[in-house]
Q: 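This is the structure, below, for whatever I ask next.
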Amino acid sequence: MAFLSARAERARISASARAAQRARELRAAGKNIIELAQGEPDFNTPDHVIEAAYRAMHAGQTHYTPVDGTPELKAAIVAKFKRENGLECKLENVSAGAGGKQVLYNALMATLNPGDEVVIPAPSWVAYADITHFAEGVPVWVPTQAKHRFKLTAEELERAITPKTKWLMLNSPSNPSGAVYTAEEYRALAGVLERHPNVHIISDEMYEHVLFDGRTFATFAVVAPQLAARTLTVNGLSKTFAMTGWRLGYACGPVELIRTMARMQGQSSLNPSSVSQAAGVAALNGPMDIVRERNAEFQKRRDFIVPRLNAIPGLACEAPHGAFYVYVSCAGWMGRGNLNNDADVCAYLLEHGVALPNGASYGLSPYFRVSFASSLANLEEACKRIDAAARKLS
Ligand SMILES: Cc1ncc(COP(=O)(O)O)c(C=O)c1O
């Protein structure tokens with residue numbers, strides 16, 4: 001009898017985590033590696049949030065809380081959705097977990113039966129397919145096109161839906177492509193979804209506040225209110241407030257789903273950290289100017305890195321409209337040297353001192369993802385190293 005479960009076989013380590021881990025190992029071995037693999041802001045959590053956490057600890061908020069969030073946190077989430085998104089919900093529609101990732105995990109574990117399909121536009125964040133797989137569902141990758149800026153079209157969606165489709169995953173701004181859907185583009189997708197009442201929608205809005213060139217943000221459930229009863233809107237504190245380590249994410253959705261997600265969480269980690277929840281209340285109810293300043297900094301870095309990457313022979317990328325990633329085509333490197341796919345490219349770039357995740361894990365090749373949540377100095381040095389690697393290719 002095998003000791004490890006078949007389920008464990010299905011739990012994979014993500015490409016970005018693998019690349020970051022490899023970078024740490026090489027650094028520990030004395031190599032100079034620039035790591036642009038992890039998806040997290042390089043800023044600190046705002047001071048007022050840290051102070052709120054400190055006060056909460058002294059006030060005794062160090063105990064278990066209700067499984068999917070304190071009433072104070074849920075009220076702050078309800079107020080945020082109304083204020084920033086125009087999304088009306090009640091406390092019973094809201095669930096908090098240890099990061100957006102746990103919230104997504106709860107939702108898929110709560111709903112997928114073996115063989116249920118999840119439509120995932122490619123490229124998308126690796127976790128959607130990995131969690132689907134883990135929950136015994138079937139990820140259905142739908143390739144999008146660079147000429148559509150990697151956004152799913154109504155026709156592509158229509159073709160992907162089958163009687164087994166349970167979820168469509170939407171993510172705007174997108175990790176890894178930086179695609180941002182307009183309200184009009186959402187309405188076109190909603191037109192298709194109206195004809196398929198069994199398909200539910202996860203709208204992952206984690207990068208809502210990293211948005212460039214003055215774009216406005218569209219919330220799927222608000223643009224398509226007729227689908228709100230089958231939409232789960234997911235968000236979190238990690239990217240907006242540079243709080244990745246605090247582990248706090250949340251969602252708004254139909255009551256039955258929200259209650260079942262809490263049951264999933266009740267059998268794993270219970271409540272998200274009480275201290276993080278108190279910090280989350282301060283973040284959600286607090287000033288947003290620091291978030292806007294950081295967004296401007298991300299835009300500066302985007303404007304810095306995109307032309308430099310495009311100047312490297314064989315590489316091509318579009319300027320992302322949001323999030324802090326560039327999805328770079330390395331099609332021009334295929335067949336050169338020993339490079340036959342994007343995993344080869346990332347291994348080659350690692351030899352040249354830059355750690356990056358490859359596109360295959362995001363469902364669309366040959367690409368690699370560059371996170372520009374790093375200092376301009378790091379970005380400049382990384383581009384120099386990638387350029388030097390390009391020039392060595394025969
Ligand atoms: C698209 C997307 N959604 C959700 C998450 C989850 O973030 P967290 O679990 O830190 O809230 C991430 C993290 O990288 C992400 O890129």
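Quick caveat, the model's predicted, so the values are computed rather than measured.
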Q: Might you point out which heavy atoms bring D342 and S365 nearest each other, and give the distance in Å?
A: OD2-OG, 2.8 Å
Q: Mark yes or no for whether D116, through its side chain, and N113, through its backbone, hold a donor-acceptor pair below 3.5 Å.
A: yes
Q: Using atom types as modelled, flag every donor-acceptor pair under 3.5 Å from a side chain in residues 219-232 to any protein atom, sequence neighbours excluded.
A:
residue : atom : partner : partner atom : Å
T219    : OG1  : N85     : ND2          : 2.9
T219    : OG1  : E205    : OE1          : 3.3
Q226    : NE2  : E194    : OE2          : 2.6
R230    : NH1  : L193    : O            : 3.3
R230    : NH1  : H196    : O            : 2.9
R230    : NH1  : V199    : O            : 2.7
R230    : NH2  : L193    : O            : 3.0
T231    : OG1  : L227    : O            : 2.7

Q: So, the side chain of N171 versus the backbone of P173: is there a donor-acceptor pair under 3.5 Å, distance only?
A: yes
Q: Do K74 side-chain atoms and A96 backbone N/O form a donor-acceptor pair below 3.5 Å?
A: no
Q: Give every residue pair that meets the ring pair (Phe, Tyr, Trp, His ring centres under 6.0 Å) criterion with at least one member in residues 244-277, sequence neighbours excluded.
A: F81-Y250
Q: For residues 360-390, pull every pair meeting ring pair (Phe, Tyr, Trp, His ring centres under 6.0 Å), keeping only residues two or more places apart or in separate chains.
A: F150-Y367, Y327-Y367
Q: Applying side-chain hydrogen bond (donor to acceptor under 3.5 Å, both in side chains), which residue pairs with at least one partner in residues 26-38 are found, sequence neighbours left out?
A: N32-R385
Q: Quick test of your reading of the model: are E117 and K166 salt-bridged, counting only N-O distances below 4.0 Å?
A: no
Q: Would E256 and R259 pass as an ion pair if we require N to O under 4.0 Å?
A: no
Q: Write out all pairs satisfying side-chain hydrogen bond (donor to acceptor under 3.5 Å, both in side chains) with one or both partners inside residues 306-320, taking only residues at least two apart or from two chains.
A: R149-E318
Q: Is the closest side-chain donor-acceptor distance between Y348 and N338 under 3.5 Å?
A: no
Q: Quick check against the 3.5 Å criterion: does T144 have a side-chain atom that pairs as donor or acceptor with the backbone of A122?
A: yes
Q: State which residues pass side-chain hydrogen bond (donor to acceptor under 3.5 Å, both in side chains) with T65; sequence neighbours excluded, sorted by chain then number.
A: Q277
Q: Can we say R22 and E25 salt-bridge, meaning some charged N sits less than 4.0 Å from an Asp/Glu carboxylate O?
A: yes
Q: Would you call D344-R336 a salt bridge at under 4.0 Å N-O?
A: no
Q: In terms of side-chain geometry, is the basic nitrogen of E158 or R195 positioned less than 4.0 Å from the acidic oxygen of its partner?
A: yes
Q: Y207 and F298: aromatic ring centres closer than 6.0 Å?
A: no
Q: What's the shortest heavy-atom distance between L189 and L152, and which atoms?
A: CD2-O, 3.6 Å
Q: Checking the side chain of N285 only, and the main-chain atoms of A282 only, is there a donor and an acceptor separated by less than 3.5 Å?
A: no
